[in-house]
2 protein chains.
Amino acid sequence: MSSRLKDVAALAGVSVRTVSNVVSGSGHVAEATRQRVQQALDELGYRPNLAARNLRAGRTGLIGLVVPELYSPYFGELASLIVEAAQQRSWTVIIDQTFGDAEAERRLLDGTQGRLVDGLIISPWALGPEEVTTHARNAPVVLLGERPPRGLADRVAVDNVLAADEATTHLLEAGRRRIAAIGIQPHLRNGTADQRLTGYRTALRRAGAAVDDALERPVRELHREDGAQAMAALLDAPSAAPDAVFAFTDELALGALHVAHERGLRVPEDLAVVGFDDIEDGRYAQPTLTTVAPDKQQLAERALQCLADRIYSPDNGVPPLDIVVPHRLEVRGSSAPKA
Amino acid sequence: MSSRLKDVAALAGVSVRTVSNVVSGSGHVAEATRQRVQQALDELGYRPNLAARNLRAGRTGLIGLVVPELYSPYFGELASLIVEAAQQRSWTVIIDQTFGDAEAERRLLDGTQGRLVDGLIISPWALGPEEVTTHARNAPVVLLGERPPRGLADRVAVDNVLAADEATTHLLEAGRRRIAAIGIQPHLRNGTADQRLTGYRTALRRAGAAVDDALERPVRELHREDGAQAMAALLDAPSAAPDAVFAFTDELALGALHVAHERGLRVPEDLAVVGFDDIEDGRYAQPTLTTVAPDKQQLAERALQCLADRIYSPDNGVPPLDIVVPHRLEVRGSSAPKA
DNA sequence: GTGAAAGCGCTAACAC
DNA sequence: GTGTTAGCGCTTTCAC
């Protein structure tokens with residue numbers, strides 16, 4: 001069916017060694033021989049068997065990208081950037097989804113199913129830093145958006161505490177006083193929501209505003225639907241309604257926006273909204289969504305750079321890196337100052 | 001560094017054969033031996049080398065998913081479903097992005113870089129069906145959303161002509177007469193836009209409405225920005241403004257919606273909008289977006305089923321399949337009848 | 001400049 | 001029930 005080096009060699013009347021040289025472009029091959037071999041290669045439509053090459057090389061040129069979900073805009077955009085950056089480095093990306101399942105995260109980290117990838121980029125939800133680094137034994141691992149790890153893995157993320165602080169401060173400066181936070185996730189272990197909550201509270205305290213439990217809302221997941229539910233719950237609560245919302249993801253913010261419209265609230269007049277992630281949808285929402293924009297391009301780029309360093313110099317003794325990627329507050333229509 | 005079958009065998013005092021049997025669960029192994037081997041496996045943290053296994057097996061358990069872009073909501077959702085469906089079949093997915101580049105599509109199809117995947121699911125933009133099937137030589141290929149191929153590959157898609165016809169008819173029945181079409185793509189070869197245009201015109205003609213060139217707008221890409229530009233162009237044109245828009249993707253529709261708002265048009269009163277794809281954003285847009293909803297779940301499922309059949313029974317002589325996946329018109333706020 | 005052959009780690013056919 | 005070994009297709013050392 002498919003031809004091997006041996007077949008090409010036979011057809012060209014040379015040894016496999018020579019064919020291999022021609023294919024890889026390495027070694028010295030007489031021009032006449034080269035042409036004859038090339039003709040045989042074309043004639044048979046030779047394609048190298050990568051499994052064989054990988055076995056031989058001890059490397060596969062594959063890296064794993066493990067995300068909770070691929071369908072959400074944030075992870076879709078991130079995955080796209082990572083695949084692109086990987087392609088530039090001649091790596092191919094294998095994608096796995098965990099849906100936040102701890103067992104799945106563990107399994108993919110410790111390579112129970114076998115070693116195939118040269119390295120792993122993982123965005124954990126269910127596993128805390130300790131567990132992540134315990135299980136990461138088989139290949140270099142880079143963490144995306146985790147809490148700083150104590151252990152073995154590099155980590156690339158924005159400064160969530162600072163970013164959340166800035167977002168909240170922006171709302172305070174726009175004259176808002178009852179600022180709700182949507183996106184607390186008691187069941188996740190990766191710490192992102194905790195960090196954003198910390199930043200939010202810090203900003204409130206600094207401004208002398210009260211931290212009100214009733215304004216801090218948990219969500220099950222991070223999608224529009226969850227943001228809508230949380231917003232509805234806020235508006236239905238007996239306490240005074242909020243005049244602003246800081247949502248921990250843009251999707252949550254868009255869900256909140258949706259409910260605000262349904263309830264006849266004007267945004268930003270009655271309710272200001274700030275999100276996090278800077279997904280494309282927010283730029284076209286009605287009104288356009290103010291958001292914390294992580295530099296995703298750099299997130300992807302630095303993650304790959306880390307991985308490359310670990311893969312190509314496995315034992316260079318560099319301690320785990322904790323790389324902070326820049327972000328900026330993208331002020332748009334949803335958070336204009338209170339008239 | 002990492003241990004091999006041989007190391008485990010040495011530690012357990014058995015042969016590699018026995019260890020292999022224990023690992024794979026096949027063959028008969030005495031319980032006492034099994035336990036001893038298992039202990040050695042755990043002690044060494046043995047992980048099978050998949051490159052070796054793949055070489056031996058002649059299969060990799062990898063399938064390739066080739067999409068133009070991963071960051072757009074439609075392909076993100078689709079990729080997520082395909083990765084999920086693949087996981088259920090114990091396949092792992094390799095993702096490549098072509099950004100609609102013909103050379104990239106060609107290269108990935110014909111496996112120039114080597115054979116690694118057991119099969120390929122591709123959503124081509126730049127390549128027409130002839131070229132696709134010419135280059136698909138190395139592994140079974142399933143086409144997503146292409147024009148019906150004449151050649152070697154299976155194809156899974158919705159009935160684009162019918163769906164576009166229904167969408168347009170829906171607008172006609174809502175009392176609209178000047179219905180614009182946004183999303184023509186003269187530079188793409190996959191035929192999707194052509195089919196939707198055909199359905200759109202068919203519906204207009206059936207209703208006795210005029211087909212007006214000025215209302216058929218080309219776009220460069222299929223994103224919100226392109227929809228916004230096309231909408232702006234429509235509104236700036238000297239001819240009478242449209243009272244409805246059928247956009248060939250939801251992203252285009254959302255861009256059009258955005259511009260409509262900016263220009264002070266009321267949707268749906270002044271302008272009705274219908275999209276295509278049923279991406280999540282549309283359900284939370286303001287107003288919610290009417291759209292043609294392809295059954296993406298089934299799209300993914302059937303594509304994988306096709307691939308499985310071809311991979312496991314390569315020579316069963318079944319001619320290329322052309323599978324039509326159902327869709328439905330999801331009527332929401334953006335296309336309410338003209339008062 | 002080219003050929004012969006070892007060996008990457010695994011599975012399974014063949015022995016016993 | 002377990003050991004021995006050939007061989008998957010490739011790269012590369014060693015020889016000429």
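Please read these numbers as outputs of a predicted model, since none were measured by experiment. A, B, ... follow the sequence lines: proteins, then strands. Residue 1 opens every chain.
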[atom1] of [X] versus [atom2] of [N]: gap in Å, rounded?
| X | N | atom1 | atom2 | result |
| --- | --- | --- | --- | --- |
| A:Leu44 | D:dG9 | CG | P | 14 Å |
| B:Arg115 | D:dC8 | CZ | C1' | 14 Å |
| A:Leu55 | D:dC10 | CG | P | 12 Å |
| B:Glu31 | D:dG1 | CD | P | 12 Å |
| B:Asn21 | D:dT4 | CG | C1' | 14 Å |
| A:Leu5 | D:dT12 | CG | P | 12 Å |
| B:Asn49 | D:dC8 | CG | P | 18 Å |
| B:Asn54 | C:dC10 | CG | P | 12 Å |

Can you name the residues that form a salt bridge (charged side-chain N to carboxylate O under 4.0 Å, His left out) with B:Arg53, not counting sequence neighbours?
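With neighbours one apart ignored, the set is empty.
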
Which residues pass the salt bridge (charged side-chain N to carboxylate O under 4.0 Å, His left out) test with A:Arg107, not counting sequence neighbours?
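Not a single residue meets the salt bridge (charged side-chain N to carboxylate O under 4.0 Å, His left out) criterion with A:Arg107.
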
[X] side chain to [Y] backbone, donor-acceptor under 3.5 Å:
| X | Y | result |
| --- | --- | --- |
| B:Gln97 | A:Ser80 | yes |
| A:Asp309 | A:Cys306 | no |
| B:Thr98 | B:Glu105 | no |
| A:Asp96 | A:Val66 | no |
| B:Asp118 | B:Ile63 | no |

Side-chain N or O of B:Arg53 less than 4.0 angstrom from OP1 or OP2 on C:dC10?
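No, B:Arg53 has no side-chain N/O under 4.0 Å of OP1/OP2 on C:dC10.
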
Examine D:dG3: is either OP1 or OP2 under 4.0 Å from a nitrogen or oxygen in the side chain of B:Ser15? Give yes or no.
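Yes, within the criterion.
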
Nearest to the A:Ala52 side chain among D:dG9, D:dG1, C:dG9, which nucleotide is it?
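Of the options given, the side chain of A:Ala52 lies nearest D:dG9.
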
Residue B:Pro48, side-chain heavy atoms: nucleotide from D:dC10, D:dG9, C:dC10 that is nearest
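Minimum distance to the B:Pro48 side chain belongs to C:dC10.
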
Review item, nucleotides 13-16 of chain D N/O atoms under 3.5 Å of protein N/O:
{"residue": "D:dT13", "atom": "O4", "partner": "A:Arg17", "partner atom": "NH1", "Å": "2.9"}
{"residue": "D:dC14", "atom": "N4", "partner": "A:Arg17", "partner atom": "NH1", "Å": "3.4"}

At under 4.0 Å between heavy atoms, what does B:Val16 touch on the DNA or RNA strands: base, sugar-phosphate, or nothing?
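Here B:Val16 touches the bases of the nucleic acid.
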
Touch class at under 4.0 angstrom, heavy-atom based, for A:Ser20 against every strand present:
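Base contact.
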
For B:Tyr71, all residues meeting ring-ring contact (aromatic ring centres under 6.0 Å, His included), sequence neighbours excluded
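Once residues adjacent in sequence are excluded, the partners of B:Tyr71 under the ring-ring contact (aromatic ring centres under 6.0 Å, His included) criterion are B:His223.
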
Quick one: which residue pairs count as a salt bridge (Lys or Arg N to Asp or Glu O under 4.0 Å) with a foot in residues 17-37 of chain B, not counting sequence neighbours?
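Found B:Glu31-B:Arg34.
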
Tell me, which of residues 33-43 of chain A have any heavy atom that sits under 4.0 Å from an atom in DNA chain D?
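Residues of residues 33-43 of chain A under 4.0 Å from DNA chain D: none.
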
